[in-house]
Structure formats: structure tokens, C-alpha cells
J.: 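Quick one: the structure is below, and I'll ask about it shortly.
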Amino acid sequence: MKNHILSVQAQNKPGVLSKITGLLRRKCFQIDSLTAGTTQNPEISQLTIVISGDISTAKQASYQLEKIIEVISSKVLKKEESIVREIVLARLKPHNDAEEKKLLVEVEKIFHKELYRNNNEVCIELIDATQGLDNFLEKIHNANIEVLEWVRSGVIAIKDTKK
Amino acid sequence: MIGADALLKGLENRGVKQIFAYPGGTVLPIYDRMPTYNIRRILTRHEQGSAFAAAGFSRATKEVGVCLATSGPGSTNLVTGIADAMLDSVPMIAITGNVFGSLIGTDAFQEIDIVGVCEPIVKHSYFVEKADDIPRILNEAFHLAISGRPGPVLIDIPKSIQIEEVSQKIWEKIEKNHNFKHELPGYDLDKIMDLTDLNKTIEIIKSSERPVVIFGHGVILSEAEKDLADFLKKTKIPTTWTLHGIGAFPYDDELSLGMLGMHGTASANFAVHNADCIIGIGIRFDDRITGLPKSFESNKKLIHLDIDQSEFGKNVRIDAKLCGQIHDILPKLTEKVITSDLSKWKELLDEKKEKWPLAEAKDGKLTEIAVINEIYKLIDKDTVVAVDVGQHEMWTAQRFPGKKSRKFLASGGLGTMGFSLPSSVGASFSGFETWSISGDGGFQMNIQELGTIAQDNLPIKIIILNNSFLGMVRQWQELFYGKNYVDTPLKNPNFKAVGEAYGIPSFQVKTRDEAQKVLKKMKNHKGPILCEFIVEKEENVFPMVPAGVDLGGTLLNLTDTIDSL
């Protein structure tokens, strides 16, 4: 399913997040991920929302969000003009040393990150664009490494001024 | 001075002359201070009546109606009226009391999170946390309610804030009617206007051979009636209108086709169905006017002028859009627009207009159409008619002879039965002659407002068209459910006796002759007056576009549809 990234800036006030998610629900938009956090301005929150659907769906969602009085701006980011990142934290259980070693190499190669070892499990932290993370998680799955748990942060994105 | 004073003085400062309200525990501090201020209280008999009355006042004037209710059930009773205002873009301020701040969130007696309840049905809402915030919040609330695309704004004030002292500094500013600064960084009306597609729009209109204008509420809200007339006169494009466009352009103009949609005129639906270009002005292409959206979109170019960018492409595909206040953007289009020779198209539509006139009242019988025609002979250019929802609403809308905006009031978006009587309460404060027309079903949904009308001696002419059925639902049961009349026949009270019980002069009429006489009497009466008309039971409203059918399938009667091109 195609999706699009909405970058939403809103006043940092109580109830705004609930208004945003409530609106998306009742207008039947499908949220793939949603992150919210502070910005350089303490009065403004930044939300990054990934919406399933074509570009007209994303634009309609963005226009609807702009009608919320506390929303200062909402726009659909062009992925090719943005830096898009997501974090995965995962606890894995390789069944043998060779498996673990291979995993370690992969993680270092792709994500420049080390593995952390606790008891019988390995904890990894991966940062990449969504597709890169999806690919790696699939690789783990195919390698038959047992996944104890993984969590994803949801996407954050910022305009890439180099592009 | 306390929060209640800040609220009431603030309302007074904004020229609020009356509020439609119902007392209760958590608004007692406000009620206690009310007699000190120059604001008339209209005591409705149910909070839903307050909400509809406030919105009815807004609809009939260009002002913002205000209603007030206590917490809990008082506030939830406002909900239908607020939702109605939201769907029809009606400016309104709803003020609710809430329990003491220290009790908020404890499920206290008569505590309800009304801000949460109303979230999808308000333009904006406030939960007041400090008495000193009240003046700024009032300023913002009125600004939000009436500007841009109007809508209802809710202000929920805990009782503890109503009795909290207002600081000396703030009170001095309130007394001087200080203009408290808005804190609305996300609400910038200056950024709205977008004329990027102006040239494209002009090209589409220029190359079209069968264009039609559909205008709606946006023209009235933007006070763009003259701009619309200028555009139509220059382009000679035939026009139709939505339920909420009624009155913004003369119904008897040579370019006028009447209202379109599910119960629109046959010629309007024919024109829209066969047009190669639609210019929607201040409308939202809702399902009651488009029929099947896919068919509506096909074989034509769609141009859309509106203030709300989220409306572009929401319901139908749009080929060119102009965003902004209609009175700002339409003149820009009028200035440059050119049309090809439309005389053949106009001739065809004139022929259809003549071929398919609206149904006349049946000979001799007392039908709803007959009563409506008689009423319409009596109304003046400034008369306000507030109708309810159902068959009579469509018959009155199809035939409304007014030539001014804000004279035909109806619940368009929400379609709320019980709308007419309380809305007419509010509308009567416009100072214009006011008629309320309801069916026997809808009338009973807010029948208690007869008490309000009697107590305040409001000069409303109350019409009940009694066919002993929920007529529109019955019509659907007749047409699509094999006349299986489940729960649509009504055993009604004697409405004349009900009116008299409230001390309102009341009549019951069964014949056409009587109808004429009584209606004349009603016209000349000064105070409230009521008449129940016992009308034919199983009349159907035509034209009609059945559900799931496009406008080309508009039924003229039970068997015939309109012509194809």
C-alpha cells in the first residue's frame, strides 16, 4: 500500500493530539505511524503522520487537519526531498554463535551500530528510512533468528535542503 | 467582579441582546449576575431549543446567536443543535457550565466532558481555566464563529471559574471594551486566497457549450449575492441552487432553473446531468445534490469556488479550483470570463422548464402544496420561513418565492426533525415576520417550545401540516419497501387543543376555503398564533432522485423519468 508523510505543526496545548487522531479516525484515514514531539519552539509540537493511500487522500487529510484551529501548518512531504528516519529496537535470540556473528557483521555494516548482549539475547538498535528497516527485519526473519520483541518509533522526517 | 461578570459584560460589549438559555446548578453564578446586564434571557423549555434558537437567530441575521446551558444533561441536550449548526456552517456560541474545577474528572454529579463530546461537531471549543482568560476567549470565539467558514464554538466554564475574581487590570480593560488580542497562530484567513487556477477556469468556461452554475450557502455567508448576479448576468450561464442557496438569486430570473438535487426541479437536474461544465460556487457537492458521484463527475469539467480548501475534491473530482471568500474571488473571475454562444443550451433548458413545471395543488383537496401556496401568497419580501424536515420541507423549498438571503431556514446538512419551531424562536428576534412550518412528526420533537413562545409572546405564525404520517419516511416505504408502513403512521394529539393549553390562539383547518381565511387571520395577528391543517395523507414529493441513481434518473412521478439529452 502506498503511503505519504504529513508534517504537522501544532500549538502545544492539551487535547490537540486527540483532536488530530479523532479527525483522522472519523474521516476514515488510515494511520501507518504517528510521532509527536517538541520542537525548537516550546509552544509548538511537531507531528509526523504516515497515512496510507494515494496523494489525493494524503492532501485531503492534510487540508482537514489544517481546519483544526490549533494546527499551525500541515503539509504532505515529498519523500524525495526529505530525510526520513525511524528507529527499531529489537531483542533477538540467535540460536548459535555463527548466526550471532553474521548478524553482528550485518548490523555493523548497514547501521554502523554495535550489538548489545544481555544474558542469552542480543539487543540491537537500528536507524534508517522505513524501507531499509523493513528489509533488515525481513532478513532477520529469513535467517531464522528468533525475535523476542521489536518496537518501532514511527517515522520522523525533515526537509532535506541539499536536494 | 467575577468570571460570570467577565462573561456577561463581554457578551454585552459584543452587542449580544439576548441569549437562549436554560438554568441549572453549574450556571447559577451566571444567572445570579444576569439581571445586572442588558441582555434579555429567553427561557426555552429544553436545551435543544436553546441551541436551535441561537442558530435560528444567526441564520436569519448576520449575527452570532448565543445559547447557554448547565453541565451534564443540559450540555448534552445542546448537542443536536450544535451539530446542526456545524453541518450548515452556522455561526453560534454555546456556553456551558461545568462542575467545580476540583471535581473535574471525578464523574461528579452532572459532570460530562462536553468539550470531548462536541469535538467532531464544533469549529472550535474552549475549556476555561482562568477567569482572566474569559475576555480573550470570548473575542476569539466570536471571531472564529463568524469568520472564514462559520461554525459553532463551545465555551465550557467550570463553576469555580465563574465565581473566581477577575483581576483589576483585566476588569478595567473589559469595562473599556478593550480589544483582547487573539492567540490563534493556526487561524490565518489572509493565507486562504488561491487564484492559481484562474486562467484554467477561464479556459474551461470559454470552451464549454453547456455550462451550469450551482450556487449555495457560501454565497450568502460571504454576502456575495451581487457578485453572483454580476457573474450570471455577464456570462448568461443558467443557474441552479442548493437548499441553502435559496433566495440568493431571484427564482424567477430567466437564468434560474430552481433548486437541484434529490427533490430538485426536473429542469435543474436535467441541466446539471447534461452539462459539460459545472461551476460550483460556495457549495460542497454533497450527496443530496450529486446523486451518484461517479456519474456526476463524468463527461464534464468541474470548477469549484469555495473558502474551505478541504472541500476541493472531497466529494467529486475537481478540474479547477478558486479558494477564498466568494465576494473576493468571484469578481476576479467575472472580470475575465468569456463564454461561447449559449443560446441553444438556454433554449433547450427553457423548453424543459416549460415542459416540467412543479406540481400544482390537486383540485379541491387540502394538500400540503395547497397550504404552502396560500402561505406563499401572503409573505412579504422580508418574511422569514423556518421549515422542519421531511416532505413539507421539500415542497416549501421547491416553491419558495423569496428573493432575499436568510429568509428560508432549513436544517440542510443534519436534517434535524424538530428544527422549525425553536429556530423560529431565534429567527423572530431578527425583527422580521416569522412563520414556522412543520409536519406533525417534527412538530412533536420540540413541541415544548410552545411554552417559550407563549411566555415571551413571540410573534410567530405556527403551521402544522398534519398528514398523520412521518411523510417522507412513508414515501420511501411506499416506493422502496412495498408500502410496508412500519412506524410511520402517527396517532396525534389535537394540536389546536395543545396550542390553546399554552394560551396561544389556535385553529384546526380541514378545507381550502377555511385555510385561506385562517391564514389571512394569522398574517394579521400580532402575537403567536397556531394552525393545524389536516392534509391529504399519502402525497409524494416529486421530482425525486432515488438513492443510488444519478440525476439523469430523476423521477417526475411514480413511473416517468426526465428525458436524456
Side-chain angles (χ1 to χ4, degrees), chain A residues 2 4 6-31 34 36-49 51-77, chain B residues 83 86-87 89 104-105 113-129 133 137 140-141 143-145 147-156 182-189 191-192 194 284 297 304 306-319 321 323:
Chain A
K2 274 189 84 164
H4 293 273
L6 268 53
S7 176
V8 180
Q9 297 218 315
Q11 284 179 281
N12 188 3
K13 283 190 171 179
V16 177
L17 184 59
S18 134
K19 281 192 186 183
I20 288 171
T21 52
L23 183 142
L24 294 172
R25 174 197 61 78
R26 66 179 176 267
K27 298 249 171 217
C28 301
F29 294 108
Q30 198 188 315
I31 304 173
L34 184 152
T38 54
T39 63
Q40 74 283 3
N41 181 342
E43 288 175 10
I44 294 175
S45 312
Q46 164 71 39
L47 292 98
T48 312
I49 307 170
I51 297 267
S52 280
D54 56 20
I55 183 69
S56 62
T57 303
K59 279 188 174 165
Q60 173 62 209
S62 180
Y63 289 149
Q64 291 289 350
L65 289 173
E66 283 212 320
K67 286 168 73 167
I68 296 174
I69 303 297
E70 293 95 335
V71 169
I72 294 163
S73 75
S74 173
K75 51 183 181 285
V76 182
L77 290 183
Chain B
M86 183 66 176
L87 280 174
S89 304
I104 292 279
D113 169 24
I114 194 64
V115 167
V117 169
C118 289
E119 192 207 293
I121 55 164
V122 290
K123 184 168 172 183
H124 194 50
S125 55
Y126 292 92
F127 178 78
V128 184
E129 293 175 53
D133 285 345
I137 286 173
E140 289 180 4
H143 174 61
L144 289 170
S147 64
R149 180 175 180 171
V153 177
L154 172 72
I155 307 175
D156 191 29
H182 301 157
E183 291 171 18
L184 300 167
Y187 190 73
D188 187 354
L189 296 171
K191 284 197 307 201
I192 287 176
D194 179 4
R284 59 191 175 94
E297 291 170 341
H304 196 180
D306 202 79
I307 195 168
D308 182 351
Q309 60 178 353
S310 75
E311 291 297 347
F312 301 128
K314 187 183 82 177
N315 296 336
V316 293
R317 180 205 80 240
I318 293 300
D319 298 297
K321 61 181 192 320
C323 190

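All values below come from the heavy atoms of this structure, side chains included, with hydrogens, waters and symmetry mates left out. These numbers come from a predicted model, not from an experiment. A note on names: the letters A, B, ... follow the listed sequences, proteins ahead of strands, and every chain is numbered from 1.
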J.: Going by the side-chain contact (heavy atoms from CB on, under 4.5 Å) test, name the single residue among Glu70(A), Gln11(A), Glu43(A) that passes it with Pro185(B).
T.: Gln11(A)
J.: If I measure from the heavy atoms of chain A, does Phe312(B) come under 4.5 Å with its side chain, its backbone, both, or neither?
T.: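 The backbone, not the side chain.
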J.: Would you mind checking which part of Asp308(B) comes under 4.5 Å of any heavy atom in chain A, side chain (CB onward), backbone (N, CA, C, O), both or neither?
T.: side chain
J.: With only heavy atoms counted, which part of Ser18(A) is less than 4.5 Å from chain B, the side chain, the backbone, both or neither?
T.: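 Contact with chain B: backbone and side chain both.
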J.: Is chain A contacted by the side chain of Glu140(B), its backbone, both, or neither, given a heavy-atom distance below 4.5 Å?
T.: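 No part of Glu140(B) comes within 4.5 Å of chain A.
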J.: Flag the pair Glu119(B) / Arg26(A) as yes when at least one side-chain heavy-atom distance between them is below 4.5 Å, and no otherwise.
T.: yes
J.: I need the residue from Ile69(A), Ile72(A), Leu65(A), Val71(A) with the largest number of non-hydrogen atom pairs under 4.5 Å to chain B.
T.: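 Option with the top pair count is Ile69(A).
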J.: Any chance NZ of Lys19(A) has more than 12 other-residue heavy atoms, nucleotides or ligands included, within less than 6.0 Å?
T.: yes
J.: Under 4.5 Å heavy-atom distance to chain B, tell me which part of Gln64(A) shows up: side chain, backbone, both or neither.
T.: both
J.: Could you grab the distance from atom NZ of Lys67(A) to atom CD of Glu311(B), nearest 0.5 Å is fine?
T.: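 The CD atom of Glu311(B) is 5.5 Å from NZ of Lys67(A), to the nearest 0.5 Å.
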J.: Report yes if some heavy atom in the side chain of Glu66(A) is under 4.5 Å from a heavy atom in the side chain of Ser310(B); otherwise report no.
T.: no
